[in-house]
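Step one of this worksheet: look at the structure below.
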Amino acid sequence: MGFNYSEEEYGDVSLWRVVKQFFKNIHLKHLANMMDWAILEPFAPRKLRPSLMRKMGCQVGKGCFIGDHVRIDQGHADMITLEENVSVASGTRLLCHQRDFSNYCVGDDYMKLGYVVKPIVLKKGCLVGMESFVMPGVTVGEGAIVGAGSLVTKDIPAWTIASGRPAKVVKEIPHKVEMQ
């Protein structure tokens, strides 16, 4: 059909599948655009956006906050899990696939590289700061905080603060000291 897709990587690339995926993508794009409708802003962060993410295929727990202009990997939405009370700030990108450069050499054709496709898990009560990127295979631990503008390429342990490009743990969150 003239598409530059390998059957091993993409599976069935028949005309029917391409047409079906085309209409599915239109539907998903419509749902994604609804996440940013200004008229719905009072309801959007805690009600509308988590609901729309569920309709797109994400597993979203109760009490999650989704900021405006958050973008998810629509083709792999079923691989994104947000546990209870997760906060994803504005402009964040949750990506479950990326090109596999592990065997890329001089002279190779970039378009023939495969993809790494792995799930993203945001554990209970964590926060991902504004304009951050969460890459494939990452788990952000319970109660962890990812600083604004970070590029998260590796797991972030529970109850830590991480920031940077790539994100690194900069502080452990202390236990609360009880006053006597």
Side-chain angles (χ1 to χ4, degrees), residues 24 27-29 31-37 40-102 114-179:
K24 181 180 177 186
H27 176 68
L28 291 174
K29 188 65 177 168
L31 289 174
N33 288 339
M34 284 177 63
M35 288 177 61
D36 295 325
W37 285 0
L40 299 173
E41 192 59 36
F43 309 103
R46 294 216 183 258
K47 299 287 184 205
L48 178 65
R49 291 187 192 128
S51 174
L52 289 171
M53 285 182 70
R54 285 185 199 101
K55 286 185 182 202
M56 292 183 193
C58 300
Q59 292 90 42
V60 181
K62 293 181 180 179
C64 288
F65 176 92
I66 311 296
D68 59 341
H69 305 294
V70 169
R71 297 291 176 251
I72 64 166
D73 193 339
Q74 293 177 7
H76 302 287
D78 60 325
M79 298 179 78
I80 299 173
T81 302
L82 281 65
E83 294 183 355
E84 299 81 30
N85 302 314
V86 167
S87 292
V88 181
S90 300
T92 296
R93 306 292 191 260
L94 304 175
L95 304 172
C96 293
H97 80 285
Q98 69 179 27
R99 291 280 184 180
D100 183 4
F101 290 104
S102 60
Y115 285 91
V116 173
V117 180
K118 295 181 181 175
I120 292 173
V121 179
L122 303 181
K123 295 285 193 176
K124 181 180 175 185
C126 73
L127 162 68
V128 179
M130 288 181 75
E131 301 293 335
S132 294
F133 283 76
V134 180
M135 300 305 286
V138 168
T139 297
V140 177
E142 180 178 348
I145 297 172
V146 174
S150 295
L151 175 64
V152 187
T153 59
K154 295 182 180 167
D155 291 353
I156 305 299
W159 301 106
T160 59
I161 299 173
S163 67
R165 288 184 170 256
K168 292 184 172 70
V169 173
V170 295
K171 182 179 178 181
E172 288 189 24
I173 298 172
H175 290 277
K176 192 174 276 192
V177 178
E178 297 293 325
M179 298 301 248

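Checked options Ile72, Ile80, Val128; the residue passing with Val134 is Val128 (criterion: side-chain contact (heavy atoms from CB on, under 4.5 Å)). Each of Lys62, Lys123, Lys124 was compared with Glu83 under the salt bridge (charged side-chain N to carboxylate O under 4.0 Å, His left out) criterion, and only Lys123 meets it.
Atom NZ in Lys118 sits 10.5 Å away from atom OG1 in Thr139 (nearest 0.5 Å). One finds the CG atom of Leu82 at 9.0 Å from the CD1 atom of Ile120 (value rounded to the nearest 0.5 Å). Taken from NE2 in His97 to CE in Met135, the straight-line distance is 9.0 Å, to the nearest 0.5 Å. Expressed to the nearest 0.5 Å, how far SG of Cys58 lies from CD1 of Ile66 amounts to 8.5 Å.
A donor-acceptor pair under 3.5 Å is absent between the side-chain atoms of Thr160 and the main chain of Val170, judged by distance alone. The main-chain N or O of Gly57 is never found under 3.5 Å from a side-chain atom of Asp78 such that the two would form a donor-acceptor pair. The main-chain N or O of Ala148 is never found under 3.5 Å from a side-chain atom of Ser163 such that the two would form a donor-acceptor pair. Panel note: side chain Arg54, backbone Val60; a donor-acceptor pair is recorded below 3.5 Å. A donor-acceptor contact shorter than 3.5 Å is absent between the side chain of Thr81 and the backbone of Val121.
Two residues are said to be in side-chain contact when any heavy atoms from C-beta on lie closer than 4.5 Å; Arg99 and Tyr115 meet this criterion. No side-chain heavy atom of Leu95 sits less than 4.5 Å from a side-chain heavy atom of Arg71. Side-chain contact between Trp159 and Glu142 is present, with heavy atoms from C-beta onward closer than 4.5 Å. Considering only heavy atoms from C-beta on, Ser90 stays 4.5 Å or farther from His69 through its side chain. Using a 4.5 Å cut-off on side-chain heavy atoms (C-beta onward), Ile173 and Ile145 make contact.
Looking at every heavy atom in both residues, Gly67 comes nearest to Arg49 through C-NH1, 3.3 Å. Of all non-hydrogen atoms in Met53 and Leu94, the two that sit nearest each other are CE-CD1, 4.5 Å.
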### Task
For Val117 and Met79, run side chain to side chain contact (heavy atoms under 4.5 Å, CB included): C-alpha distance rounded to whole Å, both residues' side-chain angles, the deciding distance at 0.1 Å, then the answer.
CA-CA 9 Å; Val117 180; Met79 298 179 78; 3.6 Å; yes

